[in-house]
Peer 1: 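Quick one: structure below, then a few questions.
Keep in mind that this is a model prediction, so the values were computed, not measured. As a basis for the values below, the full set of heavy atoms in this structure was taken, side chains included, without hydrogen atoms, waters or symmetry mates. Quick note on labels: first sequence line is chain A, next is B, and so on, each numbered from 1.
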Amino acid sequence: MGILSFLIFIPLISAICYFVLLLILLGSRNNKLARSYIYYIIAMIIWSLGSFLMKIDLNHSLFWNRILCVGMISVPALFYHFTLVLTGLTNRKHVRNLGYLFTLGLLAGNFLGLITTDAYMVNDRFYYEIGALAPVLAIYSIYYSILALSNILKKVYTNEIPYHRVKWIIFGITLMFLGGLLNIIPTIGQYPFDIIINTFNAIFIVYSIYRYKFLEIRYIVKRGLSYSLYTLILSSVYIFAIIGFQQLVIRKIGYEGITPTLIVALIIVLLFQPFIKYIQGFIDKLFYRETLNHKKTLKDFSQVINHILDLKDLTEALIKTINTSIQPKAVYILIEQENDYFYFYNNLKLNNPVKKIQLKHDNPIIKWFKKGETLLTLGIIENSPTFTGLWAEEKQLIHDLKAELIIPVRHREKISGLLILSEKHSDEAYSSDEIDLIQTLVNNTAVVVENAKMYEIAKQQAITDGLTKLYNHRYFHELLNELINNNRYGVFSVAMIDIDLFKFYNDLYGHSAGDKALVKISKVLKENTRENDIVVRYGGEEFAIILPIIHGQNSYKAIEKVRKAVENSFNRVGTFSEFITISAGVANYPQDGKTVESLLEHADQAMYAAKQSGRNKVILFSDIDDDVNNNDEQLNLHELQNSIKSAYLSSIYALAATIDAKDRYTYGHSENVSKLAVLLAENSGFSEKQISIVKNAGLLHDVGKIGIPETILTKRDKLTDDEYQVMKNHVDIAITIIKHVPNLIEVIPTIMCHHERYDGLGYPRGIRGEHIPIEGRCLCIVDAFDAMMTDRPYRKALKIEKALSELKENKGKQFDPILVDTFVSLIEDGKLEELSIVNRY
Amino acid sequence: MNLQEMLRKEDYDKIWEKYCGFLDLNIDEFMQIQERLLIEQIDILYKSKIGKKIMGEIKPTTLSDFRNRVPLTTYEDYADVLLNQKEDALPCKTVYWIKTTWKGGTQDDMKQAPYSQNMIDEHTKSFIATLILATSKKKGEFSLRAKDKFLYGMAPLPYLTGLAPYVLKNEIEFEYMPPIKDAESLGFRERNKVGFELALNKGVDLFFGLSSVLVKIGEEFISRNSTREKKIIKPKTFKMKMKLAKAFIKKYIKKQPILPKDLFNFKGIICAGTDSLAFRDKIDYYFGKRPLEIYGGTEITTAAVETWGHSGLTFFPDVNFLEFIPEKDSIRSIRDKNFIPKTLLFNELEANQKYELVTTKFRGGVFVRYRVGDMIECVSLEDKVYNIKLPQIRYIDRISNIIDLAGFTRITETTIEQALKLSQIDVVNWVACKEYDKNEPKLHIYLEARGNLNELTIKQKIHEHLKQLDSDYLNIEQLLGRDLLKITLLKLGSFENYLFSSNSLYVKINPSRETIRGILASSR
């Protein structure tokens with residue numbers, strides 16, 4: 001048996017290969033592509049088996065040759081058809097149909113003996129005589145191979161199919177074309193090169209189909225394929241080695257027994273044993289290359305994350321690992337944060353605007369995972385009705401991210417984050433092995449993420465103010481030190497901010513409202529500063545802001561914007577006339593101070609200057625210096641301000657008096673209340689400042705009535721409920737007027753409370769007992785007393801005794817009991833006569 | 001990936017899930033989608049002038065907030081902005097202005113609605129779902145394919161029905177008959193005629209049109225056969241040649257009449273129009289395929305679709321936010337303008353009850369809590385046979401103050417009043433309602449008139465003037481060859497007697513059956 005004789009096994013091996021391929025295709029999804037390729041493979045099987053049997057069954061060589069030709073004739077049109085389906089070309093069906101027509105003609109010609117006229121074996125050498133149609137077949141085959149190739153190249157050229165996805169198919173077709181050409185040379189044509197080449201072509205195609213997911217191949221078939229290839233390689237090596245040795249023994253020694261062959265076979269098997277590992281390795285690499293890499297990836301990642309506690313480091317490690325092992329174009333991690341939103345924690349493109357987008361818990365994507373799903377692909381999002389409820393903005397986000405795959409970071413039953421992967425650099429689909437790897441990586445990460453989140457929260461809490469969630473005093477100092485020591489920004493500004501008269505606000509609205517105001521201010525500060533500005537609660541009612549890379553007038557403008565925002569946001573509140581404003585001082589690094597201490601001291605100085613010059617303003621430290629240098633100007637300014645205040649004050653007093661004078665009943669009321677309040681205050685141990693407050697408050701307490709319709713104000717009958725509600729507004733209106741006079745702000749709490757009752761049934765806030773400022777309780781008594789002593793359209797003025805008895809009766813109900821006792825005894829002691837009370841008694 | 005690519009890849013399961021997957025939703029999932037998209041829509045709309053005008057200055061944040069605060073609206077609320085195409089008042093950029101006839105307007109007889117890109121995408125999706133369902137015999141199986149031959153009998157742009165061929169272009173290629181460019185230059189009758197001739201020669205897979213038109217085509221086909229009118233059919237495909245041969249055998253050898261179904265093998269027939277239900281048996285008889293009914297309109301796009309079981313229509317969850325006014329409240333609100341009816345949600349419907357539909361358009365539409373003017377009936381709360389766990393509905397008719405005839409025209413009280421006036425009949429009183437006579441819709445006017453005119457003369461006069469006043473009414477005669485008017489002349493004093501005996505008032509359009517019976521009894 002010469003070399004040619006064992007070459008006859010080549011077609012057999014090819015046929016086995018094709019059977020394996022057929023198996024794979026039958027195991028894949030049945031669609032057009034699979035079907036068209038199956039027909040091609042069947043034709044190749046007929047070709048190979050025909051070739052093998054032609055050389056084995058020598059009595060019927062011609063018959064088998066014609067069977068071989070059936071395969072050979074069918075292949076070009078079938079392969080062309082396959083490329084049409086693969087490329088999605090629909091306008092070349094006529095070429096395909098023409099090919100099938102040719103095939104039919106050639107098949108007829110084949111059985112009429114027009115392709116081969118005879119086929120026989122002489123001296124181990126196979127001969128066949130070609131018929132008239134053989135050249136036509138050759139030309140037709142080559143022509144259709146070229147057409148098939150052009151179908152694919154066209155799609156590659158127009159970028160509709162990436163080159164790398166079809167490179168093996170292109171290579172295979174080129175080989176097929178060359179194989180066809182080789183057949184033209186009779187000396188080579190007698191060898192089964194064409195079959196070898198076609199077998200390689202088929203393997204290339206199936207590899208492309210598998211590798212680039214043209215078809216979904218079931219796992220079991222994949223395993224089968226790998227084992228088949230392994231067996232095929234080993235068998236081929238053994239068969240060729242043993243037959244070759246046997247031939248050598250026969251030729252050289254003339255011994256035809258089987259013993260030496262068996263011994264040699266055993267030796268070959270033993271000698272070949274070390275290589276088996278390599279063959280297995282090669283096949284594993286071919287089919288499970290990713291799996292092998294994945295094992296290593298997992299091992300490395302486990303080692304890395306064991307040492308990480310920081311969330312940022314952890315997400316970076318995860319992203320890095322996924323980038324290295326899977327090579328997606330982008331990876332994004334969303335981490336659930338305290339307020340139940342999922343935010344982009346980290347991604348490779350920090351400038352990407354999509355990082356600002358967040359997902360809520362009711363988002364269909366989050367809900368999908370809450371149902372226990374472990375994976376979400378773009379295909380599911382696009383096709384499943386579950387995602388019908390996605391907003392256009394969310395769909396756009398998925399589109400912008402090119403999100404191909406979403407995997408939850410799940411800790412126990414809770415979704416603590418999401419990993420979003422865009423498509424791969426290679427444009428290939430994610431394989432199930434890769435998805436397994438990502439899921440394993442994420443699962444390994446989940447616990448660590450949860451720990452890191454806790455650590456992060458703890459770290460964050462240490463530098464965060466509990467109430468306002470702004471950075472705290474400690475972090476502020478650390479950061480400021482770092483900025484100065486490392487000269488991180490070159491220039492920056494520090495603003496010290498203090499809430500104006502916050503003590504009064506607390507007195508007026510209570511500490512709970514004060515806390516709410518602090519939270520609200522914090523929000524306003526955050527909203528009105530830049531992303532990189534650091535907003536800090538410095539302590540109490542003091543805030544600080546670090547403004548990187550900004551100085552001079554720009555820092556002034558930035559903080560002035562904040563001041564206006566605070567003023568406007570509190571002015572806009574409808575229920576109460578809140579009057580919160582801020583004063584701020586700004587110092588710039590380095591010109592206003594090169595150390596933390598000097599910078600803060602100068603910012604503080606500027607803030608105090610703002611306070612002293614009337615509050616609700618921003619002053620740059622550098623401007624104070626100018627002011628110091630211009631003392632005269634400062635003095636003039638101060639005088640001017642005082643004269644404006646004085647004019648304003650006079651106007652308000654005049655206003656109050658005008659209101660009293662609107663009808664004869666209330667004429668002189670404010671003045672009387674002021675005097676009575678001073679009398680009570682002086683005899684109740686009030687401080688000088690408190691006495692001054694009740695005096696002014698008495699004069700101004702009804703100034704808000706300017707905003708009440710005159711019909712209600714001077715109504716002779718009792719007010720209806722609705723009218724009474726309108727009348728109650730005079731307290732708020734009073735405050736709206738008074739808050740613009742800087743030196744009068746301190747009377748606001750007193751005025752605000754002069755209709756509050758000791759038992760909590762008063763208005764506007766319904767506060768009770770000691771919660772009502774003592775000045776307010778004082779005003780309440782004297783206001784009621786003066787009202788009782790006044791004639792009303794519906795009743796005459798009460799006598800003093802009756803009025804005092806009313807006061808006593810409402811002790812602890814409407815009025816402060818201690819103050820009532822003091823006041824009653826003062827009146828009973830005849831102190832009233834000592835006062836010049838207007839229009840009464 | 002568009003539909004054509006998915007079809008090429010034979011991803012039939014994915015196609016079904018993508019377009020018809022909503023049929024697998026349960027009522028809770030449906031409502032979740034509705035609520036979520038409503039919040040999105042409020043957000044989009046609130047940023048626009050028209051949104052603030054309708055919803056008020058304070059933005060509703062929850063579903064109940066929305067229903068409590070936003071009033072029910074009609075086209076009049078939008079007319080100023082929409083009829084003047086004030087783009088700056090709209091929430092999104094308009095890609096198409098879709099128009100329809102409007103009999104309620106004082107000056108304009110057209111309604112216009114802006115369509116944003118997102119709305120168009122959504123409409124495309126629902127229309128594809130309709131095509132898939134029209135060609136399906138059971139869940140998950142359908143025969144729609146690219147390059148199907150599509151006999152398109154609907155009105156072209158700017159009507160909604162003309163939008164589909166344009167928006168489908170990016171998804172799937174069909175062979176329209178006649179081609180869209182030609183169709184737009186043809187009149188309604190001509191378009192259907194040319195389309196049908198092409199279908200005879202080339203074969204046809206899909207039809208979309210008014211059910212009344214399809215019945216007319218069937219009737220003409222038979223009459224042409226029987227009158228031996230020679231029309232040369234030149235079948236261009238082998239399949240059509242075979243069909244023609246079979247039909248020839250049927251007619252001349254078996255001596256049986258040829259029906260359109262002998263020549264056509266429709267994959268799917270989609271019918272819109274008020275009286276689809278009434279015509280569908282005839283369509284089945286002529287064309288061998290039950291039509292699939294869709295429900296939609298200019299303001300609401302494709303809102304609901306029938307399924308392969310033909311047991312009711314299912315609403316799309318992502319096209320409109322759905323609210324429903326119970327029938328009695330709807331009627332009351334028409335009679336008493338001060339009565340503000342309460343609405344129910346989709347999950348509050350009851351089987352066998354009728355409702356007036358109220359919709360809020362999703363995806364950047366402008367209509368909010370909009371009274372579409374249509375009555376629907378909830379036929380069942382789910383389709384147990386075909387496992388659709390959503391309420392199944394039927395389109396019943398326009399709300400009771402409008403009479404819709406065969407999807408062609410909408411007759412109002414004003415139209416009839418004008419026709420009576422122009423015909424110079426001395427009418428004492430009248431009522432009109434829509435009735436069905438052998439499955440054909442009829443406009444039935446019961447009137448009392450002085451003078452010696454007989455019923456036939458009165459009918460002719462009114463018919464002539466209705467044709468003058470309403471070109472759509474004229475089309476019924478010209479295009480369908482149908483006479484849908486019926487007159488009953490009542491004895492003088494019938495209405496007075498009825499009022500005296502029943503002591504109840506009645507409405508002129510679509511009074512209750514009891515009222516009609518009462519008036520007829522009084523006439524006797």
Peer 1: In terms of heavy-atom pairs under 4.5 Å, which option from Glu122(B), Gln32(B), Glu5(B) contacts chain A the most?
Peer 2: Gln32(B)

Peer 1: Just by distance, with hydrogens left out, do Ser36(A) and His81(A) show a side-chain donor and acceptor under 3.5 Å apart?
Peer 2: no

Peer 1: Are the side chain of Trp368(A) and the backbone of Leu375(A) linked by a donor-acceptor contact shorter than 3.5 Å?
Peer 2: yes

Peer 1: For Glu29(B), which atoms come within 4.5 Å of any heavy atom of chain A: side chain, backbone, both, or neither?
Peer 2: neither

Peer 1: Let's test your reading of the structure: which of Asp362(A), Asn363(A), Ile380(A), Thr388(A) forms the most heavy-atom pairs below 4.5 Å with chain B?
Peer 2: Thr388(A)

Peer 1: Could you tell me whether the side chain of Ser136(B) and the main chain of Phe142(B) form a donor-acceptor pair under 3.5 Å?
Peer 2: no

Peer 1: Please classify the contact of Gln34(B) with chain A as side chain, backbone, both or neither, using a heavy-atom distance under 4.5 Å.
Peer 2: neither

Peer 1: Answer yes or no on whether Lys424(A) is positioned over the face of Tyr430(A), meaning its NZ or CZ is under 6.0 Å from the six-membered ring centre and within 45° of the axis.
Peer 2: yes

Peer 1: Evaluate whether atom OH of Tyr157(A) has more than 12 neighbouring non-hydrogen atoms of other residues, nucleotides or ligands under 6.0 angstrom away.
Peer 2: no

Peer 1: If we define contacts as heavy-atom pairs under 4.5 Å, which of Cys20(B), Ala146(B), Gly21(B) has the most with chain A?
Peer 2: Gly21(B)

